Amino acid sequence: MSDTGAPSPDSGRAAGGDAAGGDAGRGVRIGVDVGSVRVGVAASDPDGLLAVPVTTLRRSGSGRRHTDVDELADIVRERHAVEVVVGLPRHLSGREGDAVRHAREYAELLSARVAPVPVRLVDERLTTVVAHRRMAERGLRSRARRDLVDQEAAVQILQHHLDIRRARGGTGGAAARGGTPRPLDPA
């Protein structure tokens with residue numbers, strides 16, 4: 001989520017699987033917060049109203065084998081998801097660093113495993129900060145937060161996407177950006 005609440009230029013951009021860029025329609029959506037150690041996962045209800053935490057996956061694997069990506073692909077299939085939303089962790093200035101590159105690579109790996117379900121990249125600036133703040137407000141100690149913050153960040157990413165989608169009449173990131181989502185350029 002951006003500091004202004006505005007969508008990024010990548011909002012709704014597909015990471016393969018959805019070159020046409022249309023709205024996926026009614027159905028469960030999965031939100032993903034990619035970290036270097038853990039991956040937070042959230043899911044929506046079929047009507048796309050509310051995002052809830054699902055799980056935290058440990059990052060694992062290298063080369064062609066990534067067990068966390070396989071586990072996430074299983075979640076997408078089990079929940080019959082119609083779309084996956086992966087957070088793109090830009091700096092507040094909008095600059096892209098290594099974390100953005102890793103998120104794009106993760107989205108590409110995931111896209112290959114869940115096709116034809118579209119995988120979209122959306123701005124996630126400040127989601128981890130908001131997640132920590134909300135958990136502190138609930139009285140969770142920092143040790144307990146560590147295991148849950150990635151799920152909460154995934155909830156923030158997905159809920160922001162759902163809210164934009166709903167505000168734009170169900171068209172998701174494409175209308176929020178003012179155009180049709182395009183596949184990602186190869187990294």
Side-chain angles (χ1 to χ4, degrees), residues 1-15 18 21-35 38-57 71-72 75-76 78-92 94 99-100 103-104 106-107 110-111 114 117-140 144-178 181:
M1 175 171 26
S2 76
D3 51 333
T4 62
S8 75
D10 280 310
S11 289
R13 185 174 288 181
D18 189 29
D23 183 64
R26 185 179 187 275
V28 171
R29 283 161 170 77
I30 302 293
V32 182
D33 177 57
V34 180
R38 294 177 299 272
V39 176
V41 182
S44 75
D45 62 288
D47 291 321
L49 299 174
L50 184 64
V52 295
V54 173
T55 191
T56 300
L57 304 173
E71 289 178 62
L72 183 51
I75 291 169
V76 170
E78 289 165 5
R79 293 181 179 255
H80 306 286
V82 298
E83 179 180 47
V84 179
V85 179
V86 176
L88 199 61
R90 287 194 175 98
H91 296 280
L92 286 177
V100 168
R104 287 183 193 279
Y106 195 91
L110 181 60
S111 181
V114 301
V117 175
V119 174
R120 301 184 192 280
L121 295 168
V122 297
D123 197 340
E124 70 147 293
R125 284 178 266 189
L126 295 178
T127 56
T128 301
V129 173
V130 171
H132 274 289
R133 186 177 304 140
R134 284 192 169 182
M135 294 171 76
E137 289 170 356
R138 290 185 210 141
L140 288 172
R145 277 187 288 205
R146 193 174 324 145
D147 293 332
L148 299 175
V149 71
D150 301 290
Q151 289 177 46
E152 182 65 29
V155 167
Q156 296 298 318
I157 291 164
L158 181 56
Q159 190 64 56
H160 181 69
H161 177 73
L162 296 172
D163 293 346
I164 288 173
R165 183 178 180 275
R166 197 168 42 256
R168 302 293 187 215
T171 58
R177 195 181 71 246

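Worth saying up front: this structure is predicted, and the values here are computed from it rather than measured. In what follows, every heavy atom counts, from backbone to side chain, and hydrogens, waters and symmetry copies are set aside.
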- Do H161 and E83 have a side chain donor and acceptor closer than 3.5 Å? yes
- Message: Please find the pair of heavy atoms, one from A154 and one from G31, that lie closest to each other, and give the distance.
- Response: CB-O, 3.7 Å
- Item | Side chain proximity check, V86 to V32, heavy atoms < 4.5 angstrom | yes
- Between R29 and V82, is any pair of side-chain heavy atoms under 4.5 Å apart? yes
- Got a sec, which residues hit salt bridge (charged side-chain N to carboxylate O under 4.0 Å, His left out) with D45, two or more places apart in sequence or on another chain? none
- Message: My understanding is that only residues two or more places apart in sequence, or in another chain, count here; which of them pass side-chain contact (heavy atoms from CB on, under 4.5 Å) with A99?
- Response: P89
- Which distance, rounded to the nearest 0.5 Å, do you find between the CG of L57 and the CD1 of I75? 5.0 Å
- Item | Nearest atoms (heavy-atom pairs only) where Q151 meets P53 | OE1-CB, 3.3 Å
- Message: Testing the basics here: between R79 and A43, what is the closest heavy-atom pair and its distance to 0.1 Å?
- Response: NH1-CB, 3.8 Å
- Working to the nearest 0.5 Å, report the span between CD1 of I157 and CD of E152. 10.5 Å
- Task: Please assess V39 against D33 for the test side-chain contact (heavy atoms from CB on, under 4.5 Å), listing each intermediate value before the final yes or no.
- Result: CA-CA 6 Å; V39 176; D33 177 57; over 6 Å; no
- Compare all side-chain heavy atoms of L121 with those of Y106 and state whether any distance is below 4.5 angstrom. no
- Sequence neighbours excluded, the answer for side-chain hydrogen bond (donor to acceptor under 3.5 Å, both in side chains) partners of D163 is Q159, R166
- Message: Testing D150, V84, V155, V54 one by one against V41 for a side chain to side chain contact (heavy atoms under 4.5 Å, CB included), which residue passes?
- Response: V54
- Message: Between L148 and T56, is the side-chain contact (heavy atoms from CB on, under 4.5 Å) condition met? List the steps.
- Response: CA-CA 7 Å; L148 299 175; T56 300; 5.7 Å; no
- Query: How many angstroms lie between CD1 in I30 and CG in L110, if you round to the nearest 0.5 Å?
  - Reply: 10.0 Å
- L88 backbone acceptor or donor facing R90 side chain under 3.5 Å: no
- Query: What are the two closest non-hydrogen atoms of A103 and G87, and how far apart are they?
  - Reply: CB-O, 3.6 Å
- Message: Among L162, I164, L158, exactly one meets side chain to side chain contact (heavy atoms under 4.5 Å, CB included) together with H160. Which residue is that?
- Response: I164
